[in-house]
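Reading through the structure tokens given below for one structure.
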Amino acid sequence: MRLKNLSPHELKPLLLGCKHSALISQIHAFMVSSGLFSHGNTIAQLISSYGKVGDLESAHKLFDKIPLRRVDSWNAIIIAYSNNEFPVEVVNIYNQMVLERVKPDSSTFTVALKACTILQDLEKGEEIWKKVVEFGYENDVFVGSSVLNLYAKCGKMDKAEAIFEKMQRRDIVCWTTMITGFVHSGKGREAVDLYQRMQREGMVGDSVVMLGLMQASANIADIKLGSSVHGHIIRRALPMDVNMLTSLVDMYAKNGQLEIATRIFREIPCRNTVTWSALISGYAQNGFAVNALELLIEMQLLGFTPDVAALISALLACSDIGSLRLGRSIHGYVARKVIMDQVLSTALIDMYAKCGLIYCARALYDRISFKDLICWNTIIACYGIHGHGREALSLFQQMKNKIEPDHATFAALLSALSHSGLVEEGRHWFDVMVNEYKIKPSEKHYACSVDLLARAGEVEEAKDLIISMETKPGLAVWVALLSGCHKHKKFSVGELAANRILELIPENTGTLVLVANFFAAAKMWDKAAAVRKLLKKTGMTKVPGYSAVEVNGRLHAFLMDDTSHPQYEQIMGLLGNMENEMKAMGYVPKTDFVLQNLEEDVKVKMLCNHSERLAIAFGLLNTAPGTRLLITKNLRVCGDCHEVTKFISVIVKREIIVRDVKRFHHFKDGICSCGDYW
DNA sequence: TTAGGGTTAG
């Protein structure tokens, strides 16, 4: 290339097109030799060009050589660092600029505020904002949207709103920043309201706004909103790039519409890792653990490397089905290939705990130097489901000195106390939550407390707690009360709870079955029959109870009375032999748990076919003596099976862990970790 | 116009 005859004016477009550092250096050398170097504009351009190709060393060397640096040179270097993702350097250069009394302009402030956002450095950001006001840039939309984003990303939506309301001019980016800010802070409703206000003010949403609204739809589980956004995108012919399609997959998946999500996914021509992860997480979060894991394998077969999000979703799937072997192998993969972060560590803690290995969970937890809120909440919840209420409480005591507990912390704590029957502690911490931490109890908190009281037999107090609720009590609290009444045979309060549940017209069949079973236990056969009729009439059937056990890395699931299994005869034979031994040891079948009006011997036979027993027997037959078994059950484990498992643990000298929908039962030497309190 | 808002996860 001949540079000889070029003027500074002609150099600029040439520099703009440069993709290689060497070429820029050549132009740079030419400028020095031909005396054009002192031309300020072109120097800034040169710095910027070095920045664009990532050669920050050359950019900075050049910057250092400038004798009199004007704001455009400063901007060129600060933007170069910003674009190459060096936020700390951006802030340093900004500081240097202020020190040298160079007046920043709109670009400087914008970039500096963005750096503070990335660093989550609210203090520095606010200091910069003071300068913005001092130099009269507070009405600049670029600077304005940057400060909105700073507040939004630091979780200070109230401050963002205050500035937003005072803005004299708002462009689409300002609106979007607020909308996505609300979405990220879990306020999907506010995001939608703001979008509607934006429309009223004559603004038209672009692709970024639509992405935000799709997240809001997932956030507030509003599929109508999501599909109308989808329609809007099509009508306005907004570009359907892979990001947009990924968000659609994510939105439909999060709304439980997995067929639609999968259909869109299959039609995407060039999926990326995020697209895969979005669908994997959709499956995992909706309880389709096996589909999630299959998809993880499929993506790898097609040459994609799973990212952290995919692995975390896969771990969630492993937790769900209690697949320790797969969970461990993901842990191994992660340890070799991925940088361990807070989110991943927490997912691993959760996986080990849900697969029965609470001590592995604890070991991982102990290795984390800085624990965030969710990490603390997770370990407390883990001890809770294992029935270690005291340990959960002790962790909570440590936590509250280090970090502010939130509503989820108290939900985990109350649930832990409830599983361990720590009634007095439960009463105390519920009060502390309300009066000291000023957390308004949610349905979940009430449900835990009602559960705690009712399970301990304090059904009157539980009933009064429900009556004291400010909001209308939902299904969860009445169900908790009903379960307690069922357990303690408090049929009159129970009947009240059952009636309330029926008034609320539960969509969940499990809940109706619970009510029917309660009426049966109370020998209110007419009412029980009426509820069963209701179940049939509305076309609802009982969710089949099943139990699963992992043997040699494969998951085997059993339904109740599963005669189709190839080893059925052997399984029944083993159960029969063990039953004789158990009877000799003093076992009496608890036929109360068969909640139908049947003959006693038929009831006993029905108990024997409970799915957890089939899974246990299968596990015993197919693993080496002494192997610990983990059984996962999708419903609650029944009282008779609980008793039987205790005996089995003695007869076969094995640890047997049963994880039901609520919690763990760890059987060893005839004792259950739950102390028979569940 | 060199600058601001965007996809998956515990």
Side-chain angles (χ1 to χ4, degrees), chain A residues 12 15-16 41 44-45 47-49 51-52 71-80 82-83 90 104-115 117 137 140-150 152-153 170-181 183-184 205-215 218 241-251 253-254 271-282 284-285 306-316 319 341-351 368 371-379 381-382 408:
Chain A
K12 197 172 175 180
L15 272 172
L16 271 172
N41 275 341
Q45 185 61 52
I47 294 171
S48 161
S49 295
K52 275 192 186 143
V71 67
D72 57 348
S73 303
W74 283 96
N75 284 347
I77 192 72
I78 207 170
I79 290 164
S82 175
N83 288 337
V90 170
D105 69 3
S106 160
S107 308
T108 328
F109 286 128
T110 304
V111 172
L113 285 168
K114 186 186 179 181
T117 307
Y137 282 103
D140 182 291
V141 282
F142 277 75
V143 180
S145 57
S146 304
V147 81
L148 292 181
N149 198 34
L150 171 75
K153 291 283 152 63
R170 306 180 188 104
D171 68 358
I172 185 78
V173 178
C174 295
W175 287 98
T176 318
T177 307
M178 292 301 290
I179 290 170
T180 54
V183 173
H184 284 137
D206 63 4
S207 293
V208 185
V209 177
M210 294 307 131
L211 290 176
L213 289 177
M214 280 195 273
Q215 284 180 69
D241 60 3
V242 67
N243 294 347
M244 188 68 98
L245 288 160
T246 300
S247 293
L248 279 169
V249 169
D250 180 56
M251 183 271 291
K254 284 219 180 88
R271 300 169 204 149
N272 60 29
T273 313
V274 179
T275 318
W276 284 92
S277 306
L279 190 59
I280 292 173
S281 87
Q285 289 180 344
D307 61 3
V308 180
L311 294 167
I312 285 164
S313 299
L315 283 171
L316 179 68
S319 306
D341 71 356
Q342 186 91 231
V343 184
L344 200 43
S345 304
T346 309
L348 282 165
I349 289 171
D350 188 65
M351 183 277 293
I368 302 175
K371 293 146 184 134
D372 70 5
L373 180 65
I374 301 180
C375 185
W376 280 105
N377 290 352
T378 302
I379 192 78
C382 287

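The sequence lines fix the lettering, A, B, ..., with proteins before strands; numbering per chain opens at 1.
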Can you name the side chain to side chain donor-acceptor pair (under 3.5 Å) partners of [X], sequence neighbours left out?
X	value
A:Lys153	A:Asn149
A:Thr108	A:Asn75, A:Asp105
A:Thr177	none

Rounded to whole Å, please give me the gap between [atom1] in [X] and [atom2] in [N].
X	N	atom1	atom2	answer
A:Leu344	B:dA9	CG	C1'	9 Å
A:Leu348	B:dA9	CG	C1'	12 Å
A:Leu316	B:dA9	CG	P	10 Å

(Q) For B:dG10, does the base pair up with any side-chain atom of A:Asp372 as donor and acceptor (N or O, under 3.5 Å, distance only)? (A)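 Yes, a donor-acceptor pair under 3.5 Å.
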
Q: Might you point out which heavy atoms bring A:Ser146 and A:Thr117 nearest each other, and give the distance in Å?
A: O-OG1, 4.3 Å

Q: State which residues pass ring-ring contact (aromatic ring centres under 6.0 Å, His included) with A:Trp276; sequence neighbours excluded, sorted by chain then number.
A: A:Phe265, A:Phe304

(Q) I'd like to check the ring-ring contact (aromatic ring centres under 6.0 Å, His included) partners of A:Phe142; sequence neighbours left out, ordered by chain and number. (A) none

Q: Determine, for nucleotides 3-8 of chain B in 5'-to-3' order, which nucleotides have protein heavy atoms under 4.0 Å from the base (write B), from only the sugar-phosphate (write S), or from neither (write -).
A: BBBBBB

